[in-house]
Amino acid sequence: MRLFVGLALPEAVRTQLAGLAGGIPGARWVPPENYHLTLRFIGEVESWRAQEIDDALSAIRARPLELRLRGIGTFEKAGRVQTLWVGVEKTEGLIHLQGKVETALQRVGLEPERRRFSPHVTLARCEKVTAAEKLAAFVQGNNLFRAAPVVVDRFCLFSSRLGKEQAVYAIEAEYALG
Ligand code: ATP
Ligand code: MG
C-alpha cells in the first residue's frame, strides 16, 4: 500500500479552506475531506513493513501542537505551477514532531527524506490550468489568508489510493500527542 504520515485537519479549518476554492479554470480542487498536512511521504510498502512503521510511530512521544495556517504558495515545475497550497507556519512543535517521525522511519530502514520540510495544505493541482492570470490573481488575492490557530492532538498514518480524479485517503492508524 501507498502510505504517508500526516495531520488531519479539524472541521473548522477545512470549512475555511473550502471557502477559498474556485475560480481557476482547469484546476483540480482537493475535496475538503482530503485536506491534510503531510509530515512524511512514505510511498508503496509491503504489509510487513507497514506494521514496522506503525510500531515505530506508536513509540513517538510529543506534545500537542498548534497549527497556524497562513498565506498562499505554489510548487512549480519547468516554470509551471503544479500545486497550489496554503502555508503552515514552521513552528517549533511542528518541526519537532516532523523530526521525530523522520527519525523513527529511518530507524526502521526507510531512506532519508531529502526534500526540505515545507509544511502546507494542498488546495488544488494545476496541471491543466488554462488561465494563468486567474491563478496569479488567486495567489495575490488570497495572500493575506489566515486561519484561526487550532490545536492538533494526534497524527496519523494515511493510506492513499490514487484515483483518476482524486486520491482516496484513509486513516490507517492514529497516534495521540500529549
Ligand atoms: P495525486 O498524486 O493523484 O495528485 P496525492 O498527491 O494527493 O494525489 P499521493 O501522491 O499518494 O496523493 O500523496 C500523498 C501525500 O504525500 C500528498 O500530500 C502529497 O503531496 C505527498 N507526496 C507525494 N509524493 C511525495 C514526495 N515524493 N515527497 C513528498 N511528499 C509527497
Ligand atoms: Mg501525488
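On a predicted model such as this, the values are computed, not experimentally measured, just so you know. All ligand and atom numbering here is 1-based and tracks the order in the structure.
- Between R115 and ligand 1, at least one pair of N/O atoms sits closer than 3.5 Å.
- Protein heavy atom nearest atom 8 (O) of ligand 1, with residue, atom name and distance: A167 CB, 3.7 Å.
- E46 CD: 12 or fewer foreign heavy atoms inside a 6.0 Å radius.
- Salt-bridge annotation for E165 and R28: absent, with no side-chain N of the basic residue lying under 4.0 Å from a carboxylate O of the acidic one.
- Against a heavy-atom cut-off of under 4.0 Å, T38 is close to the following atoms of ligand 1: 15 (C), 16 (O), 17 (C), 18 (O), 21 (C).
- Per-residue contacts place S160 under 4.0 angstrom from the following atoms of ligand 1 (heavy atoms of the residue considered): 9 (P), 11 (O), 12 (O).
- With a 4.0 Å cut-off on non-hydrogen atoms, F158 does not touch ligand 1 at all.
- Here Y175 and F155 bring their ring centres to under 6.0 angstrom of each other.
- Short contacts between ligand 1 and L162, defined as distances under 4.0 Å to a heavy atom of the residue, involve ligand atoms 2 (O), 3 (O), 8 (O), 9 (P), 10 (O), 11 (O), 12 (O).
- With respect to the salt-bridge test (charged N to carboxylate O, under 4.0 angstrom), the residues R154 and E174 qualify.
- Remark: distances from the non-hydrogen atoms of T122 to ligand 1 are all 4.0 Å or more.
- Under a 3.5 Å cut-off, the side chain of R161 and the backbone N or O of A167 do not form any donor-acceptor pair.
- Below 4.0 Å from some heavy atom of Y169 lie the following atoms of ligand 1, by number and element: 5 (P), 7 (O), 12 (O).
- Contacts between Q166 and ligand 1, counted as non-hydrogen atom pairs separated by less than 4.0 Å, are absent for every part of the residue.
- Side chain to side chain, H120 and S118 fail the donor-acceptor criterion of an N or O pair below 3.5 Å.
- Atom CD of E111 has 12 or fewer heavy atoms from other residues, nucleotides or ligands within 6.0 Å.
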